[in-house]
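First comes the structure, then the notes that go with it.
Hydrogens, waters and symmetry mates play no part in the numbers below; they use all other heavy atoms, side chains included. What you see is a predicted model, and the numbers here were worked out from it, not measured in a lab.
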Amino acid sequence: MKNKIALEEHFATPQTIGDSEEYFTADVWPERRRQLLDLNSERVDRMDACGIEYSILSLNAPAVQAIPEAAKAVDVARHANDALAEQVSAHPNRFGAFAALPMQDPDAAAAELNRAVTELGFKGALVNGFSQIGSLDNATYYDLPQYRPFWAEVERLGVPFYLHPRNPLNSQQLGYQGHPWLLGPAWAFSMETGLHALRLIGSGLFDAYPNLTVILGHLGELVATHLWRTSHWASPDGKNPMGVVTEQSFTDCFRRNFYVTTSGNFRTIAMRNAMEEIGSNRVLFSTDYPFETMEEAATWFDHAEIGENDRERIGRNNAAELFGIPS
Ligand code: GRE
Ligand code: ZN
């Protein structure tokens with residue numbers, strides 16, 4: 001397929017590049033480092049070779065979310081967004097942008113999203129999970145009441161919010177002790193991000209702001225696979241004393257307010273499950289470059305056993321519609 005759109009495609013600035021180093025062995029890191037910092041020919045050449053016409057770029061992880069000083073988080077996000085805007089403007093037909101946001105300060109995050117969308121032409125935001133506020137040992141999630149005005153602004157601007165993974169806090173990694181391989185993309189990223197998404201649903205956020213759109217990568221961060229059981233047990237319904245009351249069921253909310261992407265999860269069975277669970281109009285192609293290769297993502301997707309209509313939708317049309325990209 002020639003004209004795919006991809007939307008979990010990362011870059012880094014000199015200030016944030018260090019956050020990605022721990023995920024690579026010393027022999028491949030120089031190449032990944034170069035790819036994260038590159039927003040020009042290498043990236044565009046790979047997109048051409050892989051049939052990716054348009055990539056929406058976002059900062060690496062956890063970056064802004066791991067800066068406990070709110071004022072510094074505001075600065076780093078602003079600088080990254082300005083740097084990204086400048087690069088995108090050099091390739092306006094090939095690149096779009098998601099804003100990094102200083103969620104440590106909800107008002108500043110809303111203001112930065114507004115600036116990014118209305119002044120820089122960004123397509124939405126990508127945020128790397130909870131924020132550490134005031135201390136490295138703090139994890140603040142966005143279902144909390146102080147974020148309601150922020151979500152009101154996201155809804156008002158009408159842009160998607162991509163909830164991207166990060167690891168749980170060091171002090172919350174008890175179950176991972178002795179098994180560092182479970183951290184990061186092998187398991188912890190999805191557990192952490194799926195948990196955060198379910199907190200958003202259970203808090204009634206989408207009852208209050210029914211037009212919010214949240215995007216999850218990795219074919220739904222395990223939420224799509226577990227949806228029936230979560231929905232079945234999350235509500236009180238005379239059965240679960242710890243259940244929560246939301247106006248729409250978890251299943252309905254997931255289908256109405258969420259999209260999932262194929263980033264870093266190149267498995268046809270898992271994609272088909274997501275297509276059936278959330279609808280093939282809410283699944284979007286993505287690669288997770290340079291943590292994965294565009295080549296593997298595109299080769300898998302272009303040959304996956306799904307119908308050609310679904311391939312066109314997932315590879316391009318759903319994203320074109322969501323982001324107002326001309327077909
Ligand atoms: C990411 O997408 O941000 C990511 C990492 C580290 C390893 C894999 C991965 O930050 O997909
Ligand atoms: Zn990613």
Inset, instruction - For the pair Tyr289 and His10, evaluate ring-ring contact (aromatic ring centres under 6.0 Å, His included) and give the outcome as yes or no after the intermediate values. - result: CA-CA 6 Å; Tyr289 179 83; His10 301 299; 9.4 Å; no

Inset, instruction - Assess whether side chain to side chain donor-acceptor pair (under 3.5 Å) is satisfied between Glu192 and Asn167, documenting all intermediate values. - result: CA-CA 7 Å; Glu192 175 60 41; Asn167 268 325; over 6 Å; no

Inset, instruction - Report the C-alpha distance between Phe122 and Ile56 in whole Å, list the side-chain angles of each, state the deciding distance to 0.1 Å, and finish with yes or no for side chain to side chain contact (heavy atoms under 4.5 Å, CB included). - result: CA-CA 9 Å; Phe122 282 23; Ile56 303 182; over 6 Å; no

Inset, instruction - List the steps and the verdict of ring-ring contact (aromatic ring centres under 6.0 Å, His included) for Trp151 and Tyr142. - result: CA-CA 9 Å; Trp151 290 113; Tyr142 312 135; 7.1 Å; no

Legend entry - Working for side chain to side chain donor-acceptor pair (under 3.5 Å), residues Glu9 and Thr287: CA-CA 7 Å; Glu9 316 304 313; Thr287 80; 2.5 Å; yes

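Around atom CD of Glu31, more than 12 heavy atoms belonging to other residues, nucleotides or ligands sit under 6.0 Å away. Residue His79 qualifies as open at atom NE2: its count of foreign heavy atoms under 6.0 Å is 12 or below. The environment of His232 atom NE2 is dense: over 12 non-hydrogen atoms of other residues, nucleotides or ligands sit within 6.0 angstrom. Counting non-hydrogen atoms of neighbouring residues, nucleotides and ligands closer than 6.0 angstrom, the CZ atom of Arg267 reaches no more than 12 such neighbours. The local environment of CD in Glu42 is crowded, with over 12 non-hydrogen atoms from other residues, nucleotides or ligands closer than 6.0 Å. For Trp187, the CH2 atom is loosely surrounded, since the number of other residues' heavy atoms within 6.0 Å does not exceed 12.
In the hydrophobic clustering of this structure, Leu57 does not group with Phe291; members are Ile, Leu, Val, Met, Phe, Trp, Tyr whose side-chain heavy atoms approach within less than 4.5 Å, directly or through other members. Linking Ile, Leu, Val, Met, Phe, Trp and Tyr whenever their side-chain heavy atoms come within less than 4.5 Å leaves Leu126 and Leu84 in two separate clusters. Connection of Tyr23 to Met294 is not established within any shared hydrophobic cluster, with ILVMFWY side chains joined at heavy-atom distances below 4.5 Å, either directly or through further cluster members. In the hydrophobic cluster analysis, where Ile, Leu, Val, Met, Phe, Trp and Tyr join through side-chain heavy atoms closer than 4.5 angstrom, Val88 is grouped apart from Leu7. With hydrophobic clusters built from ILVMFWY side chains whose heavy atoms lie under 4.5 angstrom apart, Phe206 does not share a cluster with Leu195.
Between the side chains of Glu53 and Asn93, no donor-acceptor pair of N or O atoms lies under 3.5 Å. A donor and an acceptor atom, one from each side chain of Asn128 and His164, are located under 3.5 Å apart. A donor and an acceptor atom, one from each side chain of Ser263 and Ser286, are nowhere located under 3.5 Å apart. Between Asn114 and Thr118, the side chains place a donor N or O and an acceptor N or O closer than 3.5 Å (distance only, hydrogens not considered). Side chains of Arg166 and Gln132: a donor-acceptor N/O pair is present below 3.5 angstrom, by distance only. Remark: the Asp310 side chain and the Ser280 side chain contain an N/O donor-acceptor pair separated by less than 3.5 Å. For Thr25 and Asp27, the side-chain atoms include at least one donor-acceptor pair closer than 3.5 Å. Donor-acceptor pairing under 3.5 Å is lacking for the side chains of Trp300 and Thr262.
Listed for the Lys4 side chain is a donor-acceptor partner under 3.5 Å among the backbone atoms of Met1. Judged by distance alone, the side chain of Asn318 and the main-chain N or O of Leu284 form no donor-acceptor pair under 3.5 Å. The backbone N or O of Ile133 sits nowhere less than 3.5 Å from a side-chain atom of Thr140 that would complete a donor-acceptor pair.
In this structure, Lys123 fails the cation-pi test against Phe323, since its NZ or CZ atom is not both closer than 6.0 Å to the six-membered ring centre and inside 45 degrees of the ring normal. Cation-pi geometry between Arg282 and Phe258 is not met: the NZ or CZ atom fails to fall both under 6.0 Å from the ring centre and inside 45° of the normal.
Ring pair Phe130/Tyr141 is tilted by interplanar angle, where 30° to 60° counts as tilted.
Contact annotation: the side chain of Tyr54 never approaches that of Arg94 to less than 4.5 Å [non-hydrogen atoms, C-beta and beyond]. The closest side-chain heavy-atom distance from Thr13 to Phe11 is below 4.5 Å. Here the side chains of Ile314 and Phe301 are in contact, with some heavy-atom distance below 4.5 Å.
Under the 4.0 Å criterion applied to side-chain N and carboxylate O atoms, Arg115 and Asp82 are assigned as salt-bridge partners.
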